[in-house]
Protein chains: 2
Amino acid sequence: MNANKIPDIIIGRLPIYLRALQRMADKGVQTTSSQELGERVGISAAQIRKDISQFGEFGKQGTGYRISFLIDKLREIMKIDRIWDVAIVGAGDMGHALARYQGFVNRGFRVAMVFDNDQAKVGQQIGDFTIKDISGMIEEIQQAGVKVAMLTVPAPAAQGTAEMLVKAGVKAILNYAPISLNVPEDVRVQHIDPATHLQRMTYYL
Amino acid sequence: MNANKIPDIIIGRLPIYLRALQRMADKGVQTTSSQELGERVGISAAQIRKDISQFGEFGKQGTGYRISFLIDKLREIMKIDRIWDVAIVGAGDMGHALARYQGFVNRGFRVAMVFDNDQAKVGQQIGDFTIKDISGMIEEIQQAGVKVAMLTVPAPAAQGTAEMLVKAGVKAILNYAPISLNVPEDVRVQHIDPATHLQRMTYYL
């Protein structure tokens, strides 16, 4: 397996497969087929078999996939068989929502720190977190070795704040601002954007 | 063109293409190629050509795509050449963030109403909106003919609230709760989930 050779579009489908498999496991289902998985995620069985086979032989002809085994393998491939500390930058509505989000549990992530530049917010609590001053962010992230951040500052501040994160050594940024970020090639950015998700549904209306 | 024959996975890529094209247009770029577009979105040029050709011949061999034309076509295909009213259900942190989100402008959507079941919130303002009582939601959504909703209630309330939305005639639900919803086949659900987006990046770390 050579990580560099696997197209990003395939990597992007792995979390979708994992979520569907996890939901089946939660219901006590033990095995599945590429057909069944395909129906759940809206991707063809052939595509799923092809995607998964990029990483090894995880299923058997006729019996399909053992769900717990495939979950373990996918978590290993995506490197979420460990817990990544995540910094939230921007303690507005979205930062608050993320600091309290219950959906990270058992999925490879843990919010570790929350920053803002507003002195009225610094020192306040969001759930278990004390909002920290962004002026100390680069040093704190460096010291803690945090590699993952969620950027929830207003759009005009997003590029500058992303540059601070890059300086701090962050390599993966989930960007909530509706603008694109310029970052070095070794830093990944994912844009999370409700309009894109809505646009995917209106086609069918 | 037969809408039923186009795989959902292709439909899911159209908003990604549109966003990249829109950003090129914003910078004054007038034409692009499947290669250039592919580099921007991390999808192969061949895949992009294949996806777009499902809907007609929008590019020319050698000269590529005229961006404004392709944007118009994609907006037409996705039915966002109009404005869809959207209901937000759940006026917590996430509901507040969405009510104030600046990223819907020119993208086919407009927040039209915000509901909550908490009497302490009902009547309060979020930006331009007065939070309405969820007890009147089904009737209000029906009367307004709203077909699109963003569901930002806590996980335990999500299924029950989704059923109210279905009763009200909503056909597209963007689900922020970290659980899966059971809805009739003619209702689309998209799950928006930061963990899935983060998982897509850790592979590369």
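Order of the sequence lines sets the chain letters (A, B, ...), proteins ahead of strands, with each chain counted from 1. Excluded from the calculations below are hydrogen atoms, water molecules and symmetry mates; all remaining heavy atoms, backbone and side chain alike, are included.
Nearest heavy atoms, Y203(B) versus K79(A): O-NZ, 3.1 Å. Taking every heavy atom of both residues into account, F109(B) and A195(A) meet most closely at CE1-O, 3.9 Å. Taking both residues in full, the closest heavy atoms of R13(B) and I9(A) are given as NH1-CD1, 3.5 Å, listed atom of the first, atom of the second, then distance. Nearest approach of Y101(A) to P178(B), heavy atoms of both residues: OH-CB, 3.7 Å.
Within residues 156-175 of chain A, the residues having any heavy atom under 4.5 Å from a heavy atom of chain B are, by residue number, K171(A), A172(A), I173(A), L174(A). Within residues 122-131 of chain B, no residue has any heavy atom under 4.5 Å from a heavy atom of chain A.
The number of heavy atoms from other shown groups lying within 6.0 Å of CG (D81(B)) is above 12. Under a cut-off of 6.0 angstrom, the local environment of CG in D72(B) is crowded, with over 12 non-hydrogen atoms contributed by other residues, nucleotides or ligands. Residue Q30(A) places its CD atom among 12 or fewer non-hydrogen atoms of other residues, nucleotides or ligands, all under 6.0 Å distant.
In this structure the side chain of W84(A) reaches within 4.5 angstrom of the side chain of L205(B), judged on heavy atoms.
At a 4.5 Å heavy-atom cutoff, L14(A) makes no contact with chain B through either its backbone or its side chain. For R75(A), no part lies near chain B; criterion is any non-hydrogen pair under 4.5 Å.
Chosen from M94(A), R100(A), R200(A), the residue pairing most often with chain B at heavy-atom distances under 4.5 Å is R200(A). Comparing L18(B), I80(B), V86(B), L198(B) by heavy-atom pairs within less than 4.5 Å of chain A, the highest count is held by L198(B). Residue with the most contacts toward chain B among H197(A), M150(A), Q102(A), M78(A): H197(A) (heavy-atom pairs, distance under 4.5 Å). Among the candidates L98(B), T152(B), I179(B), the residue making the largest number of heavy-atom pairs closer than 4.5 Å to chain A is I179(B). Most heavy-atom pairs under 4.5 Å with chain A, from the set V41(B), I192(B), I43(B), D26(B): that is I192(B).
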Test side-chain contact (heavy atoms from CB on, under 4.5 Å) applied to Y204(A) and D186(B), step by step: CA-CA 9 Å; Y204(A) 297 97; D186(B) 67 331; over 6 Å; no
Intermediate values then yes/no, side-chain contact (heavy atoms from CB on, under 4.5 Å), R19(A) and Q199(B): CA-CA 11 Å; R19(A) 188 169 63 200; Q199(B) 287 174 350; over 6 Å; no
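A donor-acceptor pair shorter than 3.5 Å can be found between the side chains of T196(A) and R107(B).
For the atom pair CZ of R40(B) and OG of S180(A), the computed distance is 7.5 Å after rounding to the nearest 0.5 Å.
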